[in-house]
Amino acid sequence: MFAIILGTRPEIIKMSPIIRSCERKGVNFFVLHTGQHYSYEMDRVFFEELGLPAPEVNLDIGSKSHAEQTGAIMTGVEKVLFEKRPDVVLVQGDTNTVLAGALAASKCRVRGERSLPVEVGHVEAGLRSFDRTMPEEVNRVVADHLSDYLFAPTNSARKNLRREGIEKRKIFVTGNTIVDAVFENLALSEKKANIVHELGLSADNYFLVTLHRQENVDDKKRLKGILDGLTRIHDSYGLPLVFPVHPRTEKMIKSFGLKIKGIQTIKPMGFLEFLQLESKARLALTDSGGVQEESCILKVPCVTIRDSTERPETLDVGANVIAGVDPRSIADAAEKMLDTPRSWENPFGDGKAGDRIIKILCA
Ligand code: UD1
Ligand code: UDP
């Protein structure tokens with residue numbers, strides 16, 4: 001039996017192809033939700049839109065400091081694993097849920113009376129920004145080194161793992177499950193969502209913005225620089241900037257008392273609505289990992305508002321640039337990417353990563 005652990009918006013989306021694959025193949029699994037994300041638009045909407053089974057267990061951990069959140073998830077996960085005794089625990093990505101899930105599972109197999117011979121699989125293994133000040137970098141490095149199965153999305157991720165001494169036999173290059181999720185849902189999003197029209201936008205005539213990285217939005221100077229850069233872009237092109245605001249970002253904009261000019265803020269979108277907004281945008285400006293990948297898959301140029309990326313494949317194919325957080329460099333990066341021909345190849349795989357991962361685990 002597989003325990004599929006997830007806790008945040010991107011994990012629900014990127015685990016969905018794996019859950020689907022288990023269902024198709026009749027593989028025994030259960031979903032353990034840590035409750036790291038809990039607001040309807042950060043959590044339940046994705047289960048509903050993607051037609052996923054409700055989690056068998058929800059730990060309801062909620063928002064806390066890094067250590068408190070990680071510790072609370074570990075305690076909850078350990079209890080569930082000893083009760084349900086799965087053969088494999090699967091985690092996805094680089095959140096505190098991933099760190100805590102992988103660590104709790106690894107500790108369950110320490111020899112002794114209660115020892116549980118559980119293995120750990122890390123989906124989206126081997127990504128590296130080489131910046132240990134990002135919480136996600138710490139989480140992904142630790143999760144990789146605890147895992148028995150490392151599902152690297154690309155060869156460059158595989159190379160990172162080999163460089164760190166992780167054994168060849170543990171690493172499988174599968175593609176990224178986000179390609180599966182995009183391919184499975186793009187047509188549905190066209191059919192079911194009408195958000196571009198509802199927001200009074202027209203295809204290829206607006207910019208899409210997302211922001212939520214702690215190092216960007218919890219730092220007043222950086223956040224102000226980013227918002228100023230976005231206002232400059234609005235002033236230069238006269239096109240709408242649409243910004244579904246992550247709850248962390250909403251909280252910080254309010255607490256810093258920052259003003260937003262030239263940007264249309266909206267609540268976080270469901271996946272079908274967001275895919276439509278993303279696929280029809282002229283340009284994406286983001287600090288999200290998933291949005292860098294999706295815009296690359298959807299052939300929408302991307303400006304990454306960060307100092308580094310763990311998705312260098314998007315830079316290599318010419319779909320993305322790193323802009324930092326200085327207003328001028330964000331505006332310059334947007335100008336550069338608007339002239340980019342959209343002819344790159346998708347480096348993240350063929351959309352069959354979910355099936356590939358389940359096939360490897362079943363074998
Ligand atoms: C987390 C992950 C990040 C991932 C992101 C996806 C870590 C360290 N961070 O960041 O890697 O990119 O999820 O979106 O694991 N909040 C709500 N409702 C929710 C969830 C959060 O209002 O459902 C607010 C709370 O004020 C909370 C804040 O957002 O304090 C931050 O939430 P948290 O889960 O700690 O981190 P994220 O920024 O969401
Ligand atoms: N997303 C969404 N609605 C939104 C913003 C993003 O459905 O309003 C999706 C997006 O399609 C992508 C994922 O959320 O698949 C990215 O999550 P996020 O940016 O929160 O986290 P990251 O990928 O940086 O870890």
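First listed ligand is number 1; within each ligand, the first listed atom is number 1. Just so it is clear, the values below take in all heavy atoms, side chains as well, and ignore hydrogens, waters and symmetry mates. Fair warning: this is a prediction, and the values are worked out from it, not measured in the lab.
In terms of N/O distances under 3.5 Å, ligand 1 is approached by H246. Between E136 and ligand 1, at least one N/O pair is under 3.5 Å apart. Distances between N or O atoms of Q36 and those of ligand 1 include at least one value under 3.5 Å. Of the N or O atoms in N96, one or more lie within a sub-3.5 Å distance of an N or O in ligand 1.
Both F243 and F256 are part of a single hydrophobic cluster, where members link through side-chain heavy atoms under 4.5 Å apart. Taken together through direct or relayed side-chain contacts under 4.5 Å among Ile, Leu, Val, Met, Phe, Trp and Tyr, L50 and F47 form part of one hydrophobic cluster.
Residue P247 holds the heavy atom nearest to atom 24 (C) of ligand 1 of all those in P247, A100, P268. Selection from Q214, H37, R248 by nearest heavy atom to atom 39 (O) of ligand 1 gives H37.
For ligand 2, the 4.0 Å heavy-atom shell contains residues R9, P10, I13, F46, I178, H212, R213, P244, P268, M269, G270, F271, F274, S288, G289, G290, E294.
Looking only at distances, a side-chain donor or acceptor of D144 sits under 3.5 Å from a matching main-chain atom of G126. Between the side chain of T249 and the backbone N or O of V245, no donor-acceptor pair lies under 3.5 Å.
For atom 4 (C) of ligand 1, the closest non-hydrogen atom on the protein side is H212 NE2, 3.7 Å. Counting only heavy atoms of the protein, atom 30 (O) of ligand 1 lies nearest to K251 NZ, 3.0 Å. The closest protein non-hydrogen atom to atom 6 (C) of ligand 1 is P10 CD, 3.5 Å. For atom 27 (C) of ligand 1, the nearest protein heavy atom (residue, atom name, distance) is S63 OG, 3.2 Å. Remark: minimum distance from atom 16 (N) of ligand 1 to any protein heavy atom is reached at Y38 OH, 3.5 Å.
Within the 4.0 Å heavy-atom cutoff, H66 counts among the residues contacting ligand 1. Residue-ligand proximity: R213 is placed with a non-hydrogen atom under 4.0 Å from ligand 1.
In summary, the side chains of T97 and T34 do present a donor paired with an acceptor at a separation below 3.5 Å, with no hydrogens or angles considered.
The distance from atom CE of M74 to atom NZ of K79, rounded to the nearest 0.5 Å, is 15.5 Å.
In S39, the parts holding a heavy atom less than 4.0 Å from any atom of ligand 1 are both the side chain and the backbone.
For F207, the ring-ring contact (aromatic ring centres under 6.0 Å, His included) test picks out Y237, with sequence neighbours left out.
Residue pairs meeting the salt bridge (Lys or Arg N to Asp or Glu O under 4.0 Å) criterion with at least one partner in residues 300-326, sequence neighbours excluded, are E124-R311, R140-E310, R222-D307, E293-R311, R306-E310. Applying the salt bridge (Lys or Arg N to Asp or Glu O under 4.0 Å) definition to pairs two or more places apart or across chains, those involving residues 329-351 are D204-R342, D350-R356.
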